[in-house]
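Chain identifiers are assigned alphabetically (A, B, ...) following the order of the sequence lines, protein sequences preceding nucleic acid strands; residue numbering begins at 1 within each chain.
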There are 2 protein chains.
Amino acid sequence: MVKDDMANLMKKIPIESVTLGIGDVARATGVAQSKLRYWESKGYIKNHAVTDKSNRKFTYKTVLQVQLIKSFLADGYTLTSAVARAQKRAIYLDALRSFFEDRFAQMDVADHTATIDLGPFDPTPSKHLMAKRTDQQWRFYLATPES
Amino acid sequence: MVKDDMANLMKKIPIESVTLGIGDVARATGVAQSKLRYWESKGYIKNHAVTDKSNRKFTYKTVLQVQLIKSFLADGYTLTSAVARAQKRAIYLDALRSFFEDRFAQMDVADHTATIDLGPFDPTPSKHLMAKRTDQQWRFYLATPES
DNA sequence: AATATATGTCAAGTTAGTTGACAAAAACGG
DNA sequence: CCGTTTTTGTCAACTAACTTGACATATATT
């Protein structure tokens, strides 16, 4: 049984610190590099280049943003409104990350089962909320924390 | 209030499909490119290059793996055993992802609160387990799903 | 129709990554 | 401790990836 502090690892490599090149973003999203350059020039997506001479770099968050813009464009929105709509949804990633950092206290993985300790279950704080995967399915239950 | 199917977006861009260059991995982890090349040559980390002529590509999972190997090395483990130890923890990311795909039915974000519907609470399946963030803190509660 | 927005292409130049060779630490086995 | 193997760094020549700017063009917008 492997037992470890997963949240700690995730904090060592914040997702914002992982950047990728324009080719990687284009491949992942199916959006042409020329579009990405134009969108960047208009300030719709952010360039995280390390120096002013170096190549463009983007984050995973931008990848999601680009994917969103792409689908809104496909739905017939103009670029400007597609960007605005994508903007509102960008906060999801932040919310998601804060949830993981806040609540994934501990995680155990054995051969075929995984268990996540989600910390105190607020309606009954003496018990911990646990999630367990068996047979490809996650189920919740309450447990009294040890020690 | 923005309301949308976030899990769906994340599924459109599986994290494994996002690849990054060796420079990006080196920057994110602080591990030298020469090390990464050597580790790859020994099969400790996987190269996802698109063609046999093109440059090395790695995934976010590899970034975590590299970070793990690095910390085990710093703890005094040999490279071989650091790799073995990192291997066991690599499944965390898969477990995390499967939890997310399985359980993040819906997510709502308003100005200062975020709410995640985690689906039926198995001890009381008629109610849904909800997570809500207020004041930078996530709390769980049960709710009767609407319609 | 005229103008502004959005995208594609191409060439010449720059930055990033590759390989192979070599050197040299660091770990290992006896 | 010594010889060997593993692991890492550096460097030069080469290739791949990306950049910019110019131009063409298609698609809105007014």
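OP1 or OP2 of C/dT19 sits under 4.0 Å from a side-chain N or O of B/Arg56. Phosphate proximity of C/dA26 to B/Thr78: absent, as no side-chain N or O sits under 4.0 Å from OP1 or OP2. Note on A/Arg37: every side-chain N or O is 4.0 Å or more away from OP1 and OP2 of D/dT20. The phosphate of D/dT7 (OP1 or OP2) has a side-chain N or O of B/Tyr38 nearer than 4.0 angstrom.
Here the side chain of B/Ser54 is nearest to one of D/dT19, D/dA16, C/dG8, namely D/dA16. Listed nucleotides: D/dT8, C/dT7, C/dA16. Nearest to the side chain of A/Ser34: C/dT7. Among the nucleotides D/dA16, D/dG9, C/dT15, the one closest to the side chain of B/Lys35 is D/dG9. When each of C/dT18, D/dG9, C/dA6 is scored by its nearest atom to the side-chain atoms of B/Ala32, the top-ranked nucleotide is D/dG9. Between D/dT19, C/dT7, C/dC28, one nucleotide has an atom nearer to the side chain of A/Asn55 than all others, and that is D/dT19. Looking at the side chain of B/Ile22, the nearest of the listed nucleotides C/dT7, C/dG8, C/dG17 is C/dG17.
Rounded to a whole Å, the NZ atom of A/Lys70 is 15 Å from the C1' atom of C/dT7. In this structure, CG of B/Leu20 is placed 16 Å from C1' of D/dC18, rounded to the nearest angstrom. Nucleotide C/dA27 holds its P atom 15 Å from the OH atom of B/Tyr77, rounded to whole Å. Rounded to whole angstrom, the span from the CZ atom of A/Arg27 across to the C1' atom of D/dC18 amounts to 13 Å. Atom-to-atom, CG of B/Leu36 to C1' of D/dT7 comes out at 13 Å; the value is rounded to the nearest Å. Between the CD atom of B/Glu40 and the C1' atom of C/dT19 there is a distance of 12 Å, rounded to whole Å. The distance between atom CG of A/Asp24 and atom P of C/dG17, rounded to the nearest whole Å, is 10 Å. D/dT19 atom P lies 9 Å from atom NZ of A/Lys57, rounded to whole Å.
Partner A/Ser98 forms a side-chain hydrogen bond (donor to acceptor under 3.5 Å, both in side chains) with one of B/Gln137, B/Gln136, B/Arg133 and no other, that one being B/Arg133.
Toward the 5' end of DNA chain D, the nearer of the two residues B/Lys42 and A/Gly23, judged by each one's closest nucleotide, is B/Lys42. Toward the 5′ end of DNA chain C lies the nearest nucleotide of A/Leu73, the other residue of the pair A/Lys53 and A/Leu73 mapping further downstream.
With hydrogens and angles ignored, the 3.5 Å screen pairs a side-chain donor or acceptor of A/Thr29 with a backbone N or O of A/Val25. With A/Ser71 contributing its side chain and A/Gln67 its backbone, the two residues share a donor-acceptor pair below 3.5 Å. With B/Thr51 contributing its side chain and B/Lys53 its backbone, the two residues share a donor-acceptor pair below 3.5 Å.
Ion pairing between a basic and an acidic side chain is recognised when a charged N comes within 4.0 Å of a carboxylate O; B/Arg27 and B/Asp24 show such pairing.
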